[in-house]
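One structure is given here, and the rest of the page talks about it.
Chain A is the first sequence line, chain B the second, and so forth, proteins listed ahead of strands; every chain is numbered from 1.
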Amino acid sequence: MAGTFSLQIVSPEGNVLKEDVEFVVLPGGAGELGILPNHSALIAGLDIGVIRYTLNGDVKRAAIAGGFVEVIDNAATVLADTVELGEAIDLARAVEAKERALKRLSSPRINEIDLRRAEYALRRATARISAASDNK
Amino acid sequence: MAGTQDIRRRIRSVRNMQQITKAMKMVSAAKLRKAQLKLIAARPYARQLQGVLERLAQAPVDVIHPLLKKRPVQKVVYVLITSDGGLCGGYNANLIRKTSGLIAEAQQPVKLVTVGRKGRDFFRRGKIEFLAEYTKLGDDPSYSQAKEIAQEVVRLYEQGEADEVYILYTEFVSAMTQRPSQIKLLPIDQPEGKQGKQYIFEPSAEDILNSLLPKYVETLIFRSLLEGKASEQGARMTAMSSATDNAKTMIDKLSLAMNRARQAAITTEISEIVSGAASLE
């Protein structure tokens, strides 16, 4: 291992995480984005998806609903619109939200805005489910 | 002198009021604590965002984003953050007074976006034009509410309805002190900085700015909402606390008056009896 770097995740609702991690994978706007220690300075937009970070050899997950990341001086800061750590996610509620979104998507008279909103909700729910269920 | 009955009735009504103000004081104390925690929780995000923006300004980026570009100021918009409810001392009055002063001094025509019922109701009586109004945000302003307001403000700015946007809110200093304040929302003043590191932008500097700058506006509005809410609860707590104290003083005064009246009545009665007895002799 090449050592660790500091990962901080913040959202407008509060400070979510501050740890020294070995590796982090972020859902970048154009595909996944892996960051190892001593990464060069970067600012990237983040999509809805799952953050995976390796802490003392364990892979942990968090669901993020968009935001961006700044990497500078061996520190990554994720500024998330909303974020939930894997262990804090209520899986039953996430599954429920997914079903609700699917039902809305399959309804025949759906307008443009509702369609986009439902798609957004579906993607968020999917991210939360995958962040929660793969977390041991 | 008023009769004992009347005074007793007044004491009862003052005591009822005192109970209400006392309850309101305790409720707002609890709400203040919650609002303060939220305010503190929102700080790291705001600080980090500010930091990113500063470092971004240092990076050699040659795109000029519309939200950063200064235009000749012809129209000004104030976003005024007040409360929905009253009974919070000078909280709304102080901010409204500051706003009126600013509007009177302004060289350009001013339009308003109001958040909260009090500000809206006050300025509706004048001839100021409203571009948007938001009420019933509740005791717990959420980020999505801030986002909604921010989107509207950015839209107004981009459409040229405003060349400058200021936000007027009450800064929370402590439970006892709240300060009416203003900050410039748009165009975003790019912080000056020394030449920094060269960033890799993913996907591009322009895209990053496109999503980062509106977020900056959202964060500023969110913070002002939280500051305003904490100030409101603080002001209400202080106001209700002094109302409770005043009620106590009043009850004491009335009790004294009542006892005096009662004593006077007894004295009169005794002297009547005595004089009655004396006349029989």
Between B:Gln48 and A:Glu70, a side-chain donor and acceptor under 3.5 Å: no
Side chains of [X] and [Y]: closer than 4.5 Å at any heavy-atom pair?
{"X": "B:Lys215", "Y": "A:Leu79", "answer": "no"}
{"X": "B:Lys147", "Y": "A:Asp81", "answer": "yes"}
{"X": "A:Phe68", "Y": "B:Asp207", "answer": "no"}

Minimum heavy-atom distance A:Gly45-B:Ile208, with the two atoms named: N-CD1, 3.4 Å
State whether the number of non-hydrogen atoms from other residues, nucleotides or ligands found under 6.0 Å of [X] atom [atom1] is greater than 12.
{"X": "B:Arg179", "atom1": "CZ", "answer": "no"}
{"X": "B:Lys34", "atom1": "NZ", "answer": "no"}
{"X": "A:Lys98", "atom1": "NZ", "answer": "no"}

Under 4.5 Å from any heavy atom of chain B - which part of A:Val71: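 Interface part for A:Val71: backbone (N, CA, C, O).
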Options B:Thr219, B:Ile40, B:Leu49, B:Leu37, ranked by heavy-atom pairs under 4.5 Å with chain A, top entry: B:Leu49
OH-OG1 distance between B:Tyr143 and A:Thr82, expressed to the nearest 0.5 angstrom: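 It comes to 10.5 Å.
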Value rounded to 0.5 Å, distance of OH in B:Tyr45 from CD in A:Gln8: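 Nearest 0.5 Å value for the OH-CD distance: 12.5 Å.
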